[in-house]
Amino acid sequence: MTTNPPAANDPAQVARQYATDQHLQTRIETQRRYSVGKELEAEIDAALALDGSETLLDVGTGPGHFPGRLYAAGHQGRVVGADLSGGMVEKAQSSFAGVKFVQAGADALPFADASFDVLTARHMLYHVPSVPAALEEFRRVLKPGGRFLAVTNAARYMPELWDVVAEANELDSALNALAVTRSGVAAAFSEANGEAWVQEAFGNAQLSFLDNALVFPAPEPVLAYLESHSAWLALGEAEQTRGRAALKTVLQSRFQNGPWTVSKRTVFISAVR
Ligand SMILES: C[S@@+](CC[C@H](N)C(=O)[O-])C[C@H]1O[C@@H](n2cnc3c(N)ncnc32)[C@H](O)[C@@H]1O
């Protein structure tokens with residue numbers, strides 16, 4: 001039996017996944033501990049080339065690490081983080097007192113027209129119900145000449161990892177919903193459709209890629225990473241037990257000769273208002 005890809009932008013799933021930062025934190029920690037090669041934050045800084053005076057809005061800010069980091073580095077312009085999740089906003093505000101955080105959806109931002117010099121949407125546009133509506137709203141709150149940057153996963157993101165899930169799903173179909181997660185995110189917002197959407201909203205769009213990797217020392221952090229996904233959390237206990245056993249069996253083959261490398265391709269799409 002095949003299952004349709006779970007919609008990465010299904011509001012109920014998004015609300016469950018991000019009610020708190022618990023599951024996101026697992027993935028952030030995985031990236032922090034096991035990433036090798038070019039570093040995402042440095043590449044984002046290079047792409048934005050901020051001079052520190054800009055007013056900046058980070059939409060879908062999660063626990064607020066990015067605006068918090070800018071503020072701590074001495075950014076002088078007003079920095080604001082917005083997120084749909086009240087739990088995320090609470091977490092962000094308690095972590096970074098110098099930054100203003102607001103609870104708001106990407107398609108209904110509580111700001112006047114032409115309020116910001118820079119708007120970032122990092123790993124969040126695949127969650128919004130309508131990407132064109134969100135982009136229209138981003139354009140509205142940006143000043144003329146203001147800059148937009150979206151960061152997202154490439155259509156083939158972590159292919160080696162999702163191949164493991166697909167193999168494990170052949171051993172036990174309990175993992176079917178997780179196996180199709182891969183295409184759900186890509187379908188919602190990746191380089192395949194994102195550049196055209198941004199071009200349509202802004203009249204210009206520039207696409208670039210960051211290629212790096214995760215090197216896992218053992219199967220456990222791979223399992224923890226997969227188990228933080230919505231499709232896993234939605235499984236019953238029995239399915240999780242069977243799914244974990246199947247994943248462990250397949251992962252054994254990947255760790256036979258030591259650490260296991262999973263490649264990552266991240267997409268940057270930028271535009272000028
Ligand atoms: C994968 S996390 C990314 C967090 C952060 N930008 C980062 O890069 O670590 C996605 C975030 O987008 C938020 N989000 C999802 N749908 C949203 C929407 N329609 N409007 C605003 N935020 C949304 C979620 O609550 C979550 O905090």
Side-chain angles (χ1 to χ4, degrees), residues 6-33 35 39-45 47-48 56-70 79-96 99 101-111 116 118-138 140-141 148-154 157-158 181 184-186 188-190 194 197 210 212 225-226 228-233 264 266-269:
N9 58 3
D10 172 66
Q13 261 208 56
V14 171
R16 250 196 319 275
Q17 168 72 209
Y18 298 113
T20 72
D21 69 334
Q22 180 195 347
H23 307 303
L24 178 61
Q25 210 54 55
T26 300
R27 295 197 293 281
I28 290 174
E29 190 56 17
T30 306
Q31 302 285 353
R32 192 187 68 72
R33 293 184 70 163
S35 283
E39 208 249 321
L40 176 64
E41 295 304 318
E43 295 296 312
I44 289 176
D45 288 352
L48 289 174
L56 181 145
L57 175 63
D58 185 41
V59 182
T61 195
H65 294 144
F66 175 54
R69 175 169 72 74
L70 292 181
V79 177
V80 181
D83 201 282
L84 189 60
S85 156
M88 288 291 188
V89 170
E90 207 173 294
K91 173 77 185 182
Q93 198 63 78
S94 66
S95 306
F96 305 106
V99 177
F101 292 96
V102 297
Q103 185 176 4
D107 56 359
L109 297 168
F111 305 107
F116 294 95
V118 177
L119 189 149
T120 49
R122 303 167 32 130
H123 287 112
M124 66 79 57
L125 273 168
Y126 42 72
H127 289 317
V128 307
S130 164
V131 174
L135 292 174
E136 192 46 45
E137 187 66 345
F138 295 172
R140 182 186 71 75
V141 301
F148 168 62
L149 175 66
V151 180
T152 192
N153 297 341
Y157 183 68
M158 297 191 182
T181 288
V185 167
F189 188 76
S190 73
W197 268 324
L210 163 63
N212 55 14
Y225 181 83
L226 289 170
S228 75
H229 285 75
S230 295
W232 175 275
L233 298 167
K264 289 190 290 178
T266 304
V267 182
F268 288 37
I269 306 174

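First listed ligand is number 1; within each ligand, the first listed atom is number 1.
Between the side chain of N9 and the backbone N or O of Y126, no donor-acceptor pair lies under 3.5 Å. The main-chain N or O of K91 is found under 3.5 Å from a side-chain atom of S94 such that the two form a donor-acceptor pair. Side-chain atoms of R69 do not come within 3.5 Å of backbone N or O of G64 as any donor-acceptor pair.
In summary, the aromatic rings of H127 and Y18 are positioned with their centroids under 6.0 Å apart.
Checked against salt bridge (Lys or Arg N to Asp or Glu O under 4.0 Å), R16 has no partners two or more places apart in sequence or in another chain.
Of the residues listed (V267, I269, I44, L210), the one engaging V151 in a side chain to side chain contact (heavy atoms under 4.5 Å, CB included) is I44, and it is the only one.
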Protein N/O near ligand 1 N/O, under 3.5 Å, which pairs?
| from | atom 1 | to | atom 2 | distance (Å) |
| --- | --- | --- | --- | --- |
| ligand 1 | 6 (N) | G60 | O | 2.7 |
| ligand 1 | 6 (N) | R122 | O | 2.9 |
| ligand 1 | 20 (N) | A106 | N | 2.9 |
| ligand 1 | 22 (N) | L84 | N | 3.3 |
| ligand 1 | 25 (O) | D83 | OD1 | 2.6 |
| ligand 1 | 27 (O) | D83 | OD1 | 3.4 |
| ligand 1 | 27 (O) | D83 | OD2 | 2.7 |

